[in-house]
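The chains referred to below are lettered A, B, ... by the order of the sequence lines, with proteins before strands, and numbering in each begins at 1.
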Number of protein chains: 2
Amino acid sequence: MNLSLNDIRQKFRDCGLKSTPQRASIYQALVNSTAHPTAEDLFAQVSPTYPMLSLNTVYYTLTVLGAAGLVHEVNIGHDRARYDANLSPHHHVICQGCQDIIDVMDSRLDSLAPPTGLPKDFDITSYQVAFRGYCGACRQSQKSIATSPSGQHPVSSYRRIVWARV
Amino acid sequence: MNLSLNDIRQKFRDCGLKSTPQRASIYQALVNSTAHPTAEDLFAQVSPTYPMLSLNTVYYTLTVLGAAGLVHEVNIGHDRARYDANLSPHHHVICQGCQDIIDVMDSRLDSLAPPTGLPKDFDITSYQVAFRGYCGACRQSQKSIATSPSGQHPVSSYRRIVWARV
DNA sequence: TGCTACATAGTAATCATTCCTAAACAGGAA
DNA sequence: TTCCTGTTTAGGAATGATTACTATGTAGCA
């Protein structure tokens with residue numbers, strides 16, 4: 001996207017939000033990213049400019065921006081929250097290896113019929129398609145694990161078994 | 001579904017899993033539920049029968065069953081993991097009020113075209129549609145908040161602002 | 001310029017989940 | 001049937017993301 005700080009100040013004003021340097025920087029970092037960063041990612045990105053910045057503030061800012069509708073939380077798992085300032089309708093492709101998220105804007109996905117068999121009084125407000133799979137790099141490393149000479153399945157390391165999320 | 005403990009023992013054997021009473025009970029509780037319970041829910045459900053059961057065991061069991069492909073994790077947010085033993089292809093409707101999840105089996109959703117604009121070497125293995133909205137009960141309570149005489153927006157309580165997940 | 005409510009930062013608390021360890025047990029071998 | 005071995009279980013401790021609390025700072029309005 002690439003909004004200037006001035007654009008952002010204006011946007012905040014339009015939404016009735018106070019504009020502070022920290023808040024603007026956090027939002028700018030998010031708007032200018034397509035990587036769906038975590039709170040920690042944003043913190044790391046903005047920290048050099050605002051060394052006193054608290055991770056707490058990042059969380060608070062994301063909450064406020066979320067309530068204002070400027071930011072969405074992206075669900076790819078229960079582990080940690082990732083954020084997105086892309087407000088145009090879109091969907092996601094998630095690599096199950098590196099957990100990278102790629103935006104998908106495919107108009108064919110924008111008009112799915114509401115599902116059948118729901119309780120009558122259920123009110124659908126939005127939907128999203130999450131595609132899962134493996135990016136090129138992760139397919140490579142998968143293959144090398146599958147054919148590794150040891151044949152040792154990585155499951156042995158206690159708990160960290162990864163399975164296909166649904 | 002309603003599998004007997006014997007069916008389950010057989011299923012475990014087929015998958016090369018040891019069958020223990022705890023494991024079978026946890027799996028049975030999950031298979032017989034459509035509520036997509038959390039680990040804690042399952043723990044609460046099985047605990048009366050096995051008072052010594054540890055929540056730890058529930059997590060370990062879910063991990064093992066997941067690796068065996070008998071169980072899937074359902075993502076509706078980053079907060080806590082919910083589980084599903086329904087292996088037939090299906091999608092979900094999530095109430096943003098009570099966080100209830102309803103299974104949707106609508107064959108029209110089972111053959112979406114792969115999205116355009118992906119890197120060539122990305123390998124899509126599955127996808128899922130998540131519909132969001134509000135169930136009848138939650139629509140009612142929403143309405144009563146919106147028209148409440150105080151007009152107080154619930155945002156005031158510090159951090160717990162809930163916004164539409166994407 | 002001064003006031004006031006909201007924002008920030010620091011620290012502490014919370015809570016789901018994972019890790020570690022010793023004891024118990026399932027399932028195959030003798 | 002009994003024994004052995006590796007897996008499973010339970011308990012307690014640790015981790016890590018997120019939230020809560022609180023004092024101080026500051027944006028934006030009068």
For DNA chain C, what string of dots and brackets results from 5' to 3' when Watson-Crick and G-U pairs need both distances under 3.5 Å, crossing pairs get [ ], and pairs with another strand get |?
-> ||||||||||||||||||||||||||||||
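Rounded to a whole Å, the CG atom of A:Leu65 is 14 Å from the C1' atom of C:dT8. Taking atom CG on A:Leu5 and atom P on D:dA27, their separation rounds to 14 Å, with Å as the unit. Atom OH in B:Tyr60 sits about 17 Å away from atom P in C:dC25, given to the nearest Å. The interatomic distance linking A:Leu55 (CG) with D:dG16 (P) rounds to 14 Å, in whole Å. What separates OH of B:Tyr59 from P of C:dA16 is a distance of 7 Å, to the nearest Å. The CG-P distance, from B:Leu17 to D:dT7, rounds to 12 Å in whole Å. Separating the NZ atom of A:Lys18 from the P atom of C:dT4 is a distance of 13 Å, rounded to the nearest angstrom. The separation between A:Phe12 atom CZ and D:dG28 atom P is 11 Å, rounded to whole Å.
For the pair B:Ser25 and B:Tyr50, the tightest heavy-atom approach, listed with the atom from each and the gap, is OG-CE1, 3.1 Å.
Counting only heavy atoms from C-beta outward, the side chains of B:Gln45 and B:Asp41 never approach each other to under 4.5 Å. A:Pro37 is listed as a side-chain neighbour of A:Leu30, based on a closest heavy-atom distance under 4.5 Å.
Every pair passing salt bridge (Lys or Arg N to Asp or Glu O under 4.0 Å) that includes a residue from residues 100-129 of chain A is listed here, sequence neighbours excluded: A:Asp106-A:Arg108.
Side-chain atoms of B:Arg23 come within 3.5 Å of backbone N or O of B:Lys18 as a donor-acceptor pair. A donor-acceptor pair under 3.5 Å links the side-chain atoms of A:Gln28 to the main chain of A:Leu3, judged by distance alone. In terms of modelled atom types and a separation under 3.5 Å, the side chain of A:His36 and the main chain of A:Thr34 share a donor-acceptor contact.
Between B:Arg80 and D:dT18, a side-chain N or O to OP1/OP2 separation shorter than 4.0 Å is absent.
Using the six-membered ring where Trp is involved, A:Tyr27 and A:Phe12 have ring planes that are tilted, between 30° and 60° apart.
No option in B:Asn6, B:Asp14, B:Asp7 other than B:Asp14 meets the side-chain hydrogen bond (donor to acceptor under 3.5 Å, both in side chains) test with B:Gln10.
Taking a 4.0 Å limit (strictly below) on heavy-atom distances, residues 22-45 of chain A reaches DNA chain C at A:Gln22, A:Arg23.
Between D:dG28, C:dA9, C:dT8, one nucleotide has an atom nearer to the side chain of A:Thr61 than all others, and that is C:dT8. Comparing atom distances between the A:Thr20 side chain and each of D:dA10, C:dA7, D:dT18 picks out C:dA7 as nearest. Of the candidates C:dG10, C:dT17, D:dA10, C:dG10 carries the atom nearest the A:Ser54 side chain, counting heavy atoms from C-beta on.
The residue B:Arg13 sits apart from the nucleic acid: no heavy atom pair falls under 4.0 Å.
The base of C:dT11 lies close enough to the side chain of A:Asn56 for a donor and an acceptor atom to sit less than 3.5 Å apart.
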